[in-house]
Engineer: 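What follows is a single structure, and I will ask about it in a moment.
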There are 2 protein chains.
Amino acid sequence: MREALAEAAFQLFLERGFERTTVDDIVARAGVGRRSFFRYFPSKEDAVFPDHERCLADMTALLERGDDPDPVGAVCDAARLVMRMYAANPEFSVQRYGLTQEVPGLRTYELSVVRRYEGTLAGYLRRRWAKAPDGGLRADVVAAAVVAAHNNALRSWLRSGGEGDAEAAVDHALGLVRGVWGEPDGPGGGEPAAEHVGAAEREKAPFTLRGGDPDVDPEGDVIVMVASRKAPLWRVVQSVEAAMAAG
Amino acid sequence: MREALAEAAFQLFLERGFERTTVDDIVARAGVGRRSFFRYFPSKEDAVFPDHERCLADMTALLERGDDPDPVGAVCDAARLVMRMYAANPEFSVQRYGLTQEVPGLRTYELSVVRRYEGTLAGYLRRRWAKAPDGGLRADVVAAAVVAAHNNALRSWLRSGGEGDAEAAVDHALGLVRGVWGEPDGPGGGEPAAEHVGAAEREKAPFTLRGGDPDVDPEGDVIVMVASRKAPLWRVVQSVEAAMAAG
């Protein structure tokens, strides 16, 4: 019933426009009563995005599952759920993107949803970093960075008409955040960032790196880095991250 | 006239609540005609935030002023304009914060405004990094991080009832972003971040740093860093930043 309503609503929005479609039109098309609509959707806007509530619940469940040693990696994994939801139905996602661009009310609705995802990620990081200096500040900043990276990849994919590998695009984007903010000891941490660094190094390497100096630490748990003071910090950071990840 | 309308509106919102105040109430209190209200404010919501349009224009003008060698520093300076606007009138800002917490429509309005600030900062960074690899992605991520850091400081200040040094709080918050994403050669870059690093080092220093190694570079433009692979990346980054800034 819920799916039938969402489908009827979406078809009507595409045919007549969002503003000119009423809830009565939707229930007539779906062949159900008016109260059924409001049982499933608080508003017309909600029917355009029928899967965000479930995705938010999945995200919360994923984050509550355990104390991932790499909290930034955990929020990146949580953000990937959103891309996966969009990528599961490319045609619908791309059509909806077009609709959202045309209807200011839907853009506002989407902003609120994005804010809820961001709040979920930030809340998790705040708990994980409750005792860290500036933990709350870092939580807000990292959550915003993760959401911005994810949305950059998502928008590119939507604008391309849903072509290309959505998961790879979001991995690449999240790698940029993870390379800067992630914990290098986390499981799987640093892989996408290492790719980035490779690219940066091929282009112009303003620094040199040596892994595990045996004079300093016989177990090779130390990295020594020589960097030009003129190098952009983000490049140095990416290389440090790559060196730390390449254990 | 515009100020009188905003003032009348705000007093009524505090007295009767936002939803129960009509535009007719506002114009009656201000002693003007109904059309005057809509000449200045597209909606009731806009009257609650009468200064954002001017602040957005100031931000755009500041960013258009020139090619700051440190684009991240430039967007941090631009973000400071928002805090300055709030701090110019603490009592009003704190009362409005309370009102916004109670009225969902005002929170949604505020989200849209924040999105416009973020878009302004991201647009500037996109232009500056048009030729950089992943320039658009980095622009979105850094703009989001700057806005999140700014808003973290702003919210803390508002929740404290407008006590304390708003500018210092926002400098501290932006220092975290700048320490990670800023260009170390930019004018004034790294100062707030250096403060951070000091704090991190006092607590627990998982690495050692030496500035300007004369064996490697006679002009001291090189830094050499030895870091434990187990150190959290963000601490290493803060130290690299401090070393690079301490020229």
Side-chain angles (χ1 to χ4, degrees), chain A residues 107-108 111-112 114-115 118 122 133-134 136-149 151-153 156 172-173 176-177 179-185 196 199-200 203 211-213 216-217 220-234 236-237 240-241 243-244 247, chain B residues 107-108 111-112 115 118 122 133-134 136-149 151-153 156 172-173 176-177 179-185 190 196 199-200 203 211-213 216-217 220-234 236-237 240-241 243-244 247:
Chain A
R107 281 208 304 281
T108 307
L111 270 184
S112 306
V114 169
R115 181 73 205 110
E118 195 176 317
D134 283 326
L137 170 61
R138 277 203 301 141
D140 286 357
V141 169
V142 172
V146 165
V147 167
N151 287 351
N152 178 286
S156 299
H172 175 78
L176 187 80
V177 176
V180 170
W181 293 101
E183 306 274 334
D185 288 339
H196 261 281
E203 270 172 45
D213 189 328
V216 186
D217 179 344
D221 262 338
V222 152
I223 58 163
V224 177
M225 190 193 69
V226 181
S228 161
R229 215 184 277 284
K230 294 205 167 63
L233 186 63
W234 64 276
V236 178
V237 169
V240 172
E241 206 280 340
M244 291 179 103
Chain B
R107 281 209 303 281
T108 308
L111 270 184
S112 305
R115 183 72 205 108
E118 195 176 316
D134 284 326
L137 170 61
R138 277 203 299 142
D140 285 358
V141 169
V142 172
V146 165
V147 167
N151 287 352
N152 178 285
S156 300
H172 175 79
L176 187 80
V177 176
V180 171
W181 293 100
E183 306 275 335
D185 289 339
H196 261 280
E203 270 172 45
D213 189 328
V216 187
D217 179 343
D221 262 338
V222 152
I223 57 163
V224 176
M225 190 192 69
V226 180
S228 160
R229 216 183 277 283
K230 294 204 167 65
L233 186 61
W234 64 275
V236 178
V237 168
V240 172
E241 207 280 340
M244 292 179 102

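Here is how names work: the chains are called A, B, and so on, in the same order as the sequence lines, proteins then strands, and each is numbered from 1.
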Engineer: With sequence neighbours excluded, what pairs up with A:N151 under the side-chain hydrogen bond (donor to acceptor under 3.5 Å, both in side chains) test?
Structural biologist: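 side-chain hydrogen bond (donor to acceptor under 3.5 Å, both in side chains) check on A:N151 returns nothing, list empty.
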Engineer: To the nearest 0.5 Å, tell me how far A:H172 NE2 sits from B:D134 CG.
Structural biologist: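 If we round to the nearest 0.5 Å, A:H172:NE2 and B:D134:CG are 3.5 Å apart.
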Engineer: Give me the atom names and distance for the closest heavy-atom approach of B:T108 to A:S112.
Structural biologist: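 Nearest pair, atom of B:T108 first, then A:S112: CG2-OG, 4.4 Å.
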Engineer: Once rounded to the nearest 0.5 Å, what's the spacing between atom CG of A:N152 and atom CG of B:D140?
Structural biologist: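 That separation rounds to 4.5 Å.
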Engineer: In a check of side chain to side chain contact (heavy atoms under 4.5 Å, CB included) between A:V141 and each of B:V147, B:V180, B:V177, which one passes?
Structural biologist: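 Among B:V147, B:V180, B:V177, the one meeting side chain to side chain contact (heavy atoms under 4.5 Å, CB included) with A:V141 is B:V177.
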